[in-house]
Amino acid sequence: MSLADLRAAVNAELTATPEYYDFKVLHAERDGALWRVTLEPGYVFAEGQRPGAASAQALLDDSLDGASAWWGAPAKGGASVLAVLAEDDQLVLQNASSPPPPAGHLIRLYPTRFLNAVADAWWDTPWAEQAMAALPDLSSPTPLRGGTPLTGEPFRWLRPAQRAALALAGHSSGFLWGPPGTGKTTTLGVLLAEYLDRHPGARVLLLSTTNQAVDQATLAVDKALHKGRREALRGAVQRLGTRFDAAAYEGREHLIPTQDRDLIARLARTEAARPHGRDAQALKAWADRVASLRDELRSASLQVLQRCRLASMTTTRAAFTLKTLRALADDGAPPFDLVVFDEASQVSLAHALVLMPLGRARLFAGDPQQLSPVQRSDDRLARRWLGRSPFAEMPKAGPAVALLDEQSRMAPPIGELVSELFYDGALRVAADALAAPGWQAARARALGSIDAGTHVHLQRMKTDGGWVAAERGPVRRESAEAIAELLDEALASGEWQPDELIVLTPFRAQRALIRQRLRARGLPESLRVSTVHRAQGSEAPVVVFDPADGAQPFLHGEAAQRLLNVALSRAQAKLVLFVSAADAASPLLAPLVQRLRLAGDTRAATPLLQLARDPGFPANALGRRVSAGRHEGEVVRVSADGRQFWLLNARTGAEQLIDVAFWRERAAAEAARAL
């Protein structure tokens with residue numbers, strides 16, 4: 001693949017990404033220094049798309065946090081989006097230059113277009129050539145010469161796979177594959193704490209996809225330095241950016257460089273006050289002011305970066321400040337010894353590659369079986385470079401790949417379900433968790449009529465969901481009401497607290513409906529109801545999953561499998577699935593439903609070899625539970641010509657095609673040997 005192909009992919013994705021979205025205002029009110037703007041449900045206009053297009057309607061979520069807002073009537077003004085309350089169709093604006101428009105007027109939002117910064121880097125030919133040259137290293141990493149191996153000696157509690165993962169720092173590109181509950185972030189924190197200690201003078205750039213993930217990874221490093229008694233190194237770790245969770249840094253304020261906060265706030269206010277394109281002079285003055293502030297920001301960031309040994313930030317910020325990061329080295333060498341991409345399965349290959357030359361070595365941490373990069377374009381090249389992550393180039397095995405295979409989040413039946421459906425059975429419950437009575441007790445709790453010993457429960461729905469234009473997406477009222485009733489009963493029992501329960505659904509419309517039903521019952525606002533895409537990184541004792549409409553094309557294919565993995569693997573003790581007949585028959589959920597059915601099948605399995613000796617084979621196997629080598633399941637179909645049949649695998653819930661002639665020959669050979 002060539003540089004021209006990659007540039008074409010970025011262009012295709014830019015073309016498919018609207019620059020702005022127009023929403024119609026329903027109501028605007030002041031809230032102290034902020035403004036709350038309620039939007040008219042169902043009215044969204046995306047640049048280049050018809051009003052009401054599904055892709056535009058699905059936009060209103062917290063991905064718009066930090067966007068610039070602009071309005072032209074009744075008076076021109078601008079602001080920045082502090083928060084999006086999607087279930088209320090509401091924006092919270094800050095730094096408004098004039099009152100937002102009243103009902104009936106439009107407000108335009110300009111999302112942060114991080115891809116512009118990525119594109120700028122790819123059109124810098126010398127840098128782009130370095131980035132393309134890094135591509136082969138992903139599939140064929142090489143051992144690094146010199147350096148002190150990391151042993152993790154102070155961390156005796158590390159599990160075997162976690163300890164083995166520390167060796168990844170000794171490769172030009174390493175892959176830390178951390179399935180849910182395996183302690184990937186903790187392992188990464190230990191690895192980086194050890195790296196800073198064993199490599200004096202080495203510099204690390206720690207990146208992740210969201211501010212929350214950056215916070216978690218940064219705090220994990222600080223905690224590991226503290227536990228490993230490397231107090232002198234804690235001040236050398238700096239979390240750049242201003243959109244951090246301040247509460248999370250209580251007692252760890254040394255991680256935050258304070259001098260650039262006001263500068264970034266001034267930049268945000270200036271960018272939000274962008275004048276209309278028709279006023280060329282005003283636009284030029286505005287652009288000059290933004291450029292000047294960005295130069296100041298680069299200077300302030302450069303000072304922090306020059307004095308710290310580990311800098312953490314989002315991948316988006318890294319793209320926007322690439323020139324600053326490159327300026328850390330004036331000899332053409334990489335400015336960092338190690339660049340770490342956390343949650344790397346959500347970073348596009350194009351984005352990761354353009355940042356890879358910043359480091360002499362790279363480490364990718366994440367889970368390729370969970371959410372992948374968000375991609376809009378249907379272009380083939382865009383799918384290749386924007387829809388895939390660096391994990392798509394990962395070696396199948398070898399010393400540069402470490403799979404964490406012990407999890408301590410999910411109760412054994414939930415963990416086994418996730419392991420068999422998504423990890424080929426490689427994921428197991430950690431021995432130290434199974435040996436802990438408290439861990440077991442925390443996962444043996446009744447939830448209403450679901451007894452303590454049932455960890456995965458199917459709640460059958462009589463009605464299927466469907467698209468409702470007024471709701472702007474797929475909804476199912478029956479499951480929304482049933483979920484509200486379940487949570488109401490759980491809280492009323494006094495045995496569960498709101499923070500122990502989480503409801504997940506793939507669709508924003510169903511999320512909004514569920515929240516409405518919870519409010520109608522007077523349940524606490526703190527109850528978490530989230531789309532699955534926003535749930536990665538979270539967990540709870542009880543997870544309720546509502547597919548709402550399993551027939552939706554959105555829930556078909558490989559991306560949907562990853563989404564289902566995220567949903568199921570958030571649960572610690574109880575996983576409750578609300579499923580209708582159409583859901584159960586969908587490609588996404590059929591294997592899961594069938595696996596659960598066969599798990600409750602107490603029939604003994606008849607060896608297929610025994611049945612194959614009978615002249616009535618394979619018809620005599622239909623509907624029976626059988627074993628075939630290491631496989632076991634139920635025979636569900638036989639071909640019309642009797643040459644093949646389908647086994648519903650009890651382990652995976654998927655259908656397997658079995659060749660009749662093969663088993664007849666085996667049976668005949670077995671009989672011949674017996675004579």
Side-chain angles (χ1 to χ4, degrees), residues 62-68 80-82 110-122 124 127 131 203-219 221 237-246 248-249 255-272 290-291 293-328 335-336 338-344 346-348 350-359 362 364-366 373-374:
D62 56 10
S63 66
L64 282 171
D65 286 359
S68 294
S80 61
V81 177
L82 177 64
Y110 292 89
T112 301
R113 287 171 65 87
F114 82 91
L115 195 55
N116 285 346
V118 174
D120 289 345
W122 281 112
D124 179 344
W127 184 260
R203 295 166 55 80
V204 178
L205 178 62
L206 173 58
L207 307 172
S208 198
T209 52
T210 66
N211 282 288
Q212 180 184 16
V214 174
D215 289 341
Q216 291 175 348
T218 307
L219 292 170
V221 176
V237 176
Q238 294 283 272
R239 198 299 198 197
L240 275 72
T242 60
R243 300 185 67 81
F244 53 85
D245 179 4
Y249 290 87
L255 298 170
I256 306 297
T258 59
Q259 54 264 42
D260 69 344
R261 290 184 191 175
D262 182 62
L263 179 56
I264 289 182
R266 283 189 284 132
L267 176 61
R269 288 194 297 270
T270 303
E271 289 184 332
V290 168
L293 287 170
R294 286 197 172 277
D295 285 342
E296 287 186 54
L297 178 60
R298 271 192 285 272
S299 176
S301 296
L302 190 59
Q303 293 173 19
V304 175
L305 288 164
Q306 286 172 334
R307 72 169 184 263
C308 71
R309 289 191 55 204
L310 185 150
S312 62
M313 65 182 73
T314 62
T315 50
T316 298
R317 183 184 176 100
F320 275 115
T321 60
L322 183 56
K323 289 183 179 179
T324 302
L325 296 171
R326 291 169 59 180
L328 291 171
F336 295 94
L338 178 65
V339 176
V340 180
F341 295 82
D342 187 26
E343 301 297 344
Q346 297 183 65
V347 181
S348 75
H351 195 164
L353 275 173
V354 86
L355 299 176
M356 284 176 62
L358 291 170
R362 283 79 52 171
F364 301 91
V374 175

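In terms of modelled atom types and a separation under 3.5 Å, the side chain of R203 and the main chain of G359 share no donor-acceptor contact.
L358 and W127 get closest at one heavy-atom pair: CD2-CH2, 3.9 Å. Counting all heavy atoms, side chain and backbone alike, F364 lies closest to A344 at CB-CB, 3.9 Å. Across all non-hydrogen atoms, the minimal contact from P111 to A67 is CA-CB, 3.9 Å. Nearest heavy-atom pair across T209 and T315 is CA-OG1, 3.9 Å. Nearest heavy atoms, P335 versus L325: CG-O, 3.4 Å. Annotation for W122 and V354: closest pair NE1-CB, 3.7 Å, computed over non-hydrogen atoms.
When side chains are defined from C-beta on, L328 counts as touching Q306, because their heavy atoms get closer than 4.5 Å. Here the side chains of F114 and T314 are not in contact, with every heavy-atom distance at 4.5 Å or above. For the pair V221 and L255, the minimum side-chain heavy-atom distance is 4.5 Å or more. Contact check for T321 versus M313: side-chain heavy atoms found under the 4.5 Å cut-off. Between V237 and L206, the closest side-chain pair of non-hydrogen atoms is not below 4.5 Å. Contact of the D124 side chain with the R326 side chain is registered, since non-hydrogen atoms from C-beta on lie closer than 4.5 Å. The shortest distance between side-chain heavy atoms of T210 and E343 does not fall below 4.5 Å. For the pair F341 and H351, the minimum side-chain heavy-atom distance is 4.5 Å or more.
For S312, the side-chain hydrogen bond (donor to acceptor under 3.5 Å, both in side chains) test picks out T218, with sequence neighbours left out. With sequence neighbours left out, R362 forms a salt bridge (charged side-chain N to carboxylate O under 4.0 Å, His left out) with D137.
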*Test side chain to side chain contact (heavy atoms under 4.5 Å, CB included) on Y249 and L219 and set out the steps.*
CA-CA 8 Å; Y249 290 87; L219 292 170; 3.9 Å; yes
*Decide side chain to side chain contact (heavy atoms under 4.5 Å, CB included) for V339 and M356; before the verdict, give the C-alpha distance in whole Å, the side-chain angles of both, and the deciding distance to 0.1 Å.*
CA-CA 7 Å; V339 176; M356 284 176 62; over 6 Å; no
